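What follows is a set of notes on a single structure, which appears directly below.
This structure is a prediction, so every number in the text was calculated from the model and none was measured.
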Amino acid sequence: MTEVTLAVVGGGLRGLTYARRAHATGAGRVVAVAEPDPGRRAAFAAEFGIAPERVHEDWKDLAAAGRLADAAVIATQDRLHTDPAVTLADLGYHILLEKPMATEEHEAAAIAAAAVRNGIMLAVCHVLRYTPYTRVVKKLLDEGRIGRLVSVQHLEPVGWWHQAHSFVRGHWRREDTSAPMLLAKACHDVDWLVHLFGRPPARVSSFGSLSHFRAEERPATAADRCLDCPLEPSCPYSAPRLYLGCLGDPESEFWPLGAVTPGRTEADVLEALRTGPYGRCVYACDNDVVDHQEVVMEFDDGGTCSFTMSAFTPMEHRRTRLFGTHGYIEGDGGTLRVVDFRTGAEEVMTVDEAGGPSAADGHGGGDEGLTDAFLAAVASGDATLLRSDAEQSLMTHRVVWAAERARLSGTVVTL
């Protein structure tokens, strides 16, 4: 297969993930990068051997040089996707775009329009579509193993420490600097559920709030920082316990520790917790995104889906129950129990282990599957190797925005 050349906009954890997979397989080669952080920029350029003249601080400088590669990976913060995506599409780059597409509906529509206008492939990083587990579930449904899909229950177990890391202390804690949590975290799940049904829902409702990680829940003797707090040893959200516990584990050092400090010593971690955002008490942050949410979808044939996203879980694979007219499937990301109503037979299927659910684990094989599919599609010119295109991704994002409108207005929204 022809080697695909890549320009990476955003050399942080997600940009590194896709770039490293491309290099590891030999299917892609990074030839340019734009990254505003000088330390990350230098490390990224050194790791991939990028020529100095193709190492940029700003994506606009990269774009000004014209088309330098076959494709671009855009892995900037959520609110910084639109301008580089539209500009690079206009230059003819095929694009691998980190989710969400954008934080506003009109901006996502502009990105999709740019992809269609320029005839380029745009793959939004809905990595759940690309896991081995998803392939098996979708095949069972398409083969009619459980008849017509009538109802689905789906749980996204965010994980108590992951909520504290990313959505209380971290980059995605506020809607005004990132996005609603349903968009930032669970657009994966909404996209996946729509993928299983094969079409968007007709109506959506939603409920949820920030119930726990707020000042009113703060214990009376808690300090503003974990390192000063007498309750830290017994607190489930202890930052020292989480981040010092990452030391010595390469996967955990990459994530979540990589978001906290580039250092890999106890002194580095303690300094970051003393001075940076990740050492704050979870009840003394400026977060406002929800910590639990329910979404209910109704489809045009009367089928229904209930989706729960909750911080108050272990961080595990999603759990799903699929109810059909002729059978039932229950899955936990690795094992599927399939019950046939016609024969009473039960089958337990174990999907090949492809890693855990977290970013450090590659999202159950989804990161690798997506990267490989994108590079193969660009190399061959065959867009059918991708499991969604720009317009399909825009459609599932619109379901998320409809759910948020429903939650905030207390109404049922018709799409």
Side-chain angles (χ1 to χ4, degrees), residues 6-23 29-65 68-69 71-85 87-88 93 95-100 102-103 125 165-174 176-179 184 239 243 246-247 250-265 267-280 285-286 358-360 367 371:
L6 296 169
V8 176
V9 179
L13 300 180
R14 298 308 294 161
L16 273 172
T17 294
Y18 304 124
R20 285 174 174 169
R21 177 63 179 181
H23 271 240
R29 178 169 56 90
V30 178
V31 299
V33 65
E35 165 56 50
D37 182 273
R40 284 184 172 176
R41 184 170 66 248
F44 194 100
E47 178 171 344
F48 298 103
I50 303 172
E53 65 273 16
R54 293 191 171 185
V55 178
H56 303 283
E57 178 180 356
D58 194 308
W59 70 266
K60 294 177 182 177
D61 297 328
L62 185 151
L68 303 174
V73 176
I74 298 177
T76 58
Q77 286 295 307
D78 297 350
R79 288 185 171 269
L80 304 176
H81 287 178
T82 306
D83 288 344
T87 301
L88 296 181
Y93 283 91
I95 295 174
L96 184 65
L97 177 62
E98 186 52 79
K99 61 84 187 167
T103 56
C125 297
H165 170 73
S166 293
F167 304 102
V168 178
R169 297 172 171 131
H171 290 303
W172 295 274
R173 66 187 183 272
R174 293 186 60 85
D176 60 354
T177 57
S178 176
Y243 299 118
C246 293
L247 293 173
E251 289 187 350
S252 297
E253 286 182 348
F254 178 68
W255 185 88
L257 187 60
V260 179
T261 174
R264 294 296 179 264
T265 69
D268 292 327
V269 174
L270 292 175
E271 176 61 20
L273 298 187
R274 174 66 63 192
T275 60
Y278 292 93
R280 295 179 295 174
C285 294
D286 59 342
S358 75
D367 290 351
T371 307

Item checked: Basic-acidic side-chain contact under 4.0 Å: D83, K60 ->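 Salt bridge flag = no for K60 with D83.
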
Tell me whether [X] contacts the main-chain N or O of [Y] through its side chain, where contact means a donor paired with an acceptor under 3.5 Å.
X	Y	result
R280	P277	yes
S166	G170	no
H23	V30	yes
S178	R174	no
Q77	R79	no

Could you check whether any side-chain heavy atom of [X] comes within less than 4.5 Å of a side-chain heavy atom of [Y], counting everything from C-beta outward?
X	Y	value
E35	E57	no
H56	V33	no
I50	V31	no
R173	F167	no
T76	H81	yes
V9	L88	yes
I74	L96	no
W59	P36	no

Check: Does the side chain to side chain contact (heavy atoms under 4.5 Å, CB included) test come out yes or no for L6 and R29, once each step is laid out?
Finding: CA-CA 6 Å; L6 296 169; R29 178 169 56 90; over 6 Å; no

Next item on the list: Could you walk me through whether Y18 and C125 pass the side chain to side chain contact (heavy atoms under 4.5 Å, CB included) test, one step at a time?
Entry: CA-CA 10 Å; Y18 304 124; C125 297; 3.4 Å; yes

Notebook entry, point to check: Quick one: salt bridge (Lys or Arg N to Asp or Glu O under 4.0 Å) pairs with a partner in residues 255-265, sequence neighbours left out?
Noted result: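 Found E253-R264.
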
Note to self: What's the separation between atom OG1 in T17 and atom CZ in R21, rounded to the nearest 0.5 Å?
What the structure shows: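 Reported value, rounded in 0.5 Å steps: 11.5 Å.
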
Minimum heavy-atom distance [X]-[Y], with the two atoms named:
X	Y	result
G263	L257	O-CD2, 4.3 Å
A75	E98	CA-CB, 4.1 Å
T371	A22	CG2-N, 4.1 Å
G11	L16	O-CG, 3.9 Å
Y93	L62	OH-CD2, 3.9 Å
V168	C285	O-CB, 3.5 Å

Check: Among side-chain atoms of T103 and D78, is any donor-acceptor pair under 3.5 angstrom?
Finding: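 Looking only at side-chain atoms, D78 and T103 do not form any donor-acceptor pair under 3.5 Å.
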
Item checked: Ring-ring centroid check W172 H165, cutoff 6.0 Å ->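 Centroid separation for W172 and H165: 6.0 Å or greater.
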
Next item on the list: Evaluate the side chain to side chain contact (heavy atoms under 4.5 Å, CB included) criterion for residues F254 and R20: first the C-alpha distance (whole Å), next the side-chain angles of each, then the deciding distance (0.1 Å), finally the verdict.
Entry: CA-CA 13 Å; F254 178 68; R20 285 174 174 169; 3.3 Å; yes

